[in-house]
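Each chain gets a letter, A, B and so on, in the order its sequence line appears, and its residues count up from 1.
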Amino acid sequence: MSAAPVGEVIARLKREYPDAKTALNWSNPLELLVAVILSAQCTDERVNRVTERLFRKYRTAEDYASAPLEELEQDIRPTGFYRNKARAIQGMARALLERHGGEVPKTMEELVALPGVGRKTANVVLGNAFGVNEGVVVDTHVRRVSRRLGLTSSDDPEKIERDLLPQVPEEERTLFAHLLIFHGRRVCKARRPDCPGCVLNDICPSSGLSGKPS
DNA sequence: CTCCCGATAT
DNA sequence: ATATCAGGAG
């Protein structure tokens with residue numbers, strides 16, 4: 001079975017999810033960066049519950065940098081991996097102060113050099129906070145849905161991104177990720193995908209195998 | 001490769 | 001009980 005054409009995938013999902021955008025709540029680049037670090041292996045809904053109070057308490061890089069680590073850990077605990085994430089956020093904040101005047105940098109190279117920031121997190125910040133679409137966000141949903149659609153056969157996020165890059169027009173890359181994430185949550189779910197109710201049913205190589213994991 | 005880890009759905 | 005959730009570091 002051949003891969004689904006990306007243009008058609010985007011067109012149909014755009015019609016299906018006209019309001020697809022990040023589900024994380026944020027009002028500046030630092031808040032987005034913190035929210036994305038917290039979102040690892042955690043739903044956006046729970047991240048938002050935590051950041052609602054977190055962002056009232058921590059407003060600048062200095063606030064995260066100077067906080068007692070145990071206190072920051074408790075402030076983010078419900079998101080899981082809270083010790084790693086607290087260390088990442090504090091290390092990231094201190095790096096912002098040391099290297100970037102307390103501001104979030106706008107290049108891939110500078111972002112991934114920050115503690116706790118990998119390529120996926122950097123791509124989210126670049127695309128959503130700065131409008132830079134040099135890469136494609138590959139999270140668990142993008143990975144699963146892309147594989148099922150036949151857009152990639154790899155299971156490594158960096159290889160998947162290299163496979164997707166030439167297929168997705170630069171100005172559509174942020175939207176593309178949001179569309180696949182929405183679709184991955186509501187229809188092309190990890191556990192029980194709803195292939196009969198999927199608008200990509202007729203162009204998806206995995207349709208009918210309804211259930212066979214990525 | 002393993003480890004980190006709480007909350008929710010099935 | 002177990003799988004899964006906008007991953008990254010050692």
Pick the P atom in C:dG8 and in B:dA7, then give their distance to the nearest Å.
->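 Nearest-Å result for C:dG8 against B:dA7 at atom P: 22 Å.
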Distance between P atoms of B:dT10 and C:dA6 (Å, rounded) |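 Taking atom P in both B:dT10 and C:dA6, they lie 14 Å apart.
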Using a cut-off of less than 4.0 Å, is there contact between a side-chain N or O of [X] and OP1 or OP2 of [N]?
{"X": "A:Arg192", "N": "C:dT4", "result": "no"}
{"X": "A:Arg143", "N": "C:dA6", "result": "no"}
{"X": "A:Thr121", "N": "C:dG7", "result": "no"}

Once you apply a heavy-atom cut-off of 4.0 Å, does [X] come out as touching a base, just sugar-phosphate, or nothing?
{"X": "A:Arg87", "value": "nothing"}
{"X": "A:Ile37", "value": "nothing"}
{"X": "A:Val137", "value": "base"}
{"X": "A:Tyr82", "value": "sugar-phosphate"}
{"X": "A:Val124", "value": "base"}
{"X": "A:Thr22", "value": "base"}
{"X": "A:Arg46", "value": "base"}

Please state how far atom [atom1] in [X] lies from atom [atom2] in [N], giving the value in whole angstrom units.
{"X": "A:Asn123", "N": "C:dG7", "atom1": "CG", "atom2": "P", "value": "13 Å"}
{"X": "A:Glu31", "N": "C:dA6", "atom1": "CD", "atom2": "P", "value": "20 Å"}
{"X": "A:Asn48", "N": "B:dA7", "atom1": "CG", "atom2": "C1'", "value": "15 Å"}
{"X": "A:Leu38", "N": "B:dA7", "atom1": "CG", "atom2": "C1'", "value": "14 Å"}
{"X": "A:Lys85", "N": "C:dG7", "atom1": "NZ", "atom2": "P", "value": "9 Å"}
{"X": "A:Asp156", "N": "B:dC1", "atom1": "CG", "atom2": "C1'", "value": "14 Å"}
{"X": "A:Leu33", "N": "C:dG7", "atom1": "CG", "atom2": "P", "value": "15 Å"}
{"X": "A:Ile76", "N": "B:dC4", "atom1": "CD1", "atom2": "C1'", "value": "12 Å"}

Can you tell whether the side chains of [X] and [Y] come within less than 4.0 Å, N to carboxylate O?
{"X": "A:Glu62", "Y": "A:Arg94", "result": "no"}
{"X": "A:Glu52", "Y": "A:Arg56", "result": "yes"}
{"X": "A:Asp75", "Y": "A:Lys85", "result": "no"}
{"X": "A:Glu45", "Y": "A:Arg49", "result": "yes"}

Of the nucleotides [options], which has the atom closest to the [X] side chain?
{"X": "A:Asn84", "options": "B:dA7, B:dC4, C:dC5", "answer": "B:dC4"}
{"X": "A:His141", "options": "C:dA6, C:dG8, B:dG6", "answer": "C:dA6"}
{"X": "A:Arg49", "options": "C:dT4, B:dT8, C:dA6", "answer": "B:dT8"}

Residue pair A:Asn123 / A:Glu161, side-chain donor-acceptor N/O under 3.5 Å =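 Yes, a side-chain donor-acceptor pair sits under 3.5 Å.
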Select from A:Arg83 and A:Lys189 the residue whose nearest nucleotide in DNA chain B is closer to the 5' end of that strand.
->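 Of the two residues, A:Arg83 wins.
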Look at the side chain of A:Thr79 against the base of B:dA7 and say whether a donor-acceptor pair falls under 3.5 Å; ignore hydrogens and angles.
->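 Looking at the base of B:dA7, it does not pair with any donor or acceptor on the side chain of A:Thr79 (distance under 3.5 Å).
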Hey, is the side chain of A:Arg191 pairing donor to acceptor with the base of C:dT4 inside 3.5 Å?
->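 There is none.
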Closer to the 5' end of DNA chain C via nearest nucleotide, is it A:Ile181 or A:Val117?
->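 Result of the comparison: A:Ile181.
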Which atoms form the tightest heavy-atom contact between A:Arg144 and A:Gly184, and what is the distance?
->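 Minimum heavy-atom contact is NH2-O, 3.0 Å.
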Yes or no on salt bridge (charged side-chain N to carboxylate O under 4.0 Å, His left out) for A:Glu73 and A:Arg77, after CA distance, side-chain angles and deciding distance?
-> CA-CA 6 Å; A:Glu73 286 177 356; A:Arg77 190 172 46 79; over 6 Å; no
Is A:Phe81 stacked on the base of B:dC4 when the test is centres under 5.5 angstrom and planes under 30 degrees?
->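 A:Phe81 ring centre within cut-off of B:dC4 base, planes near parallel; stacks.
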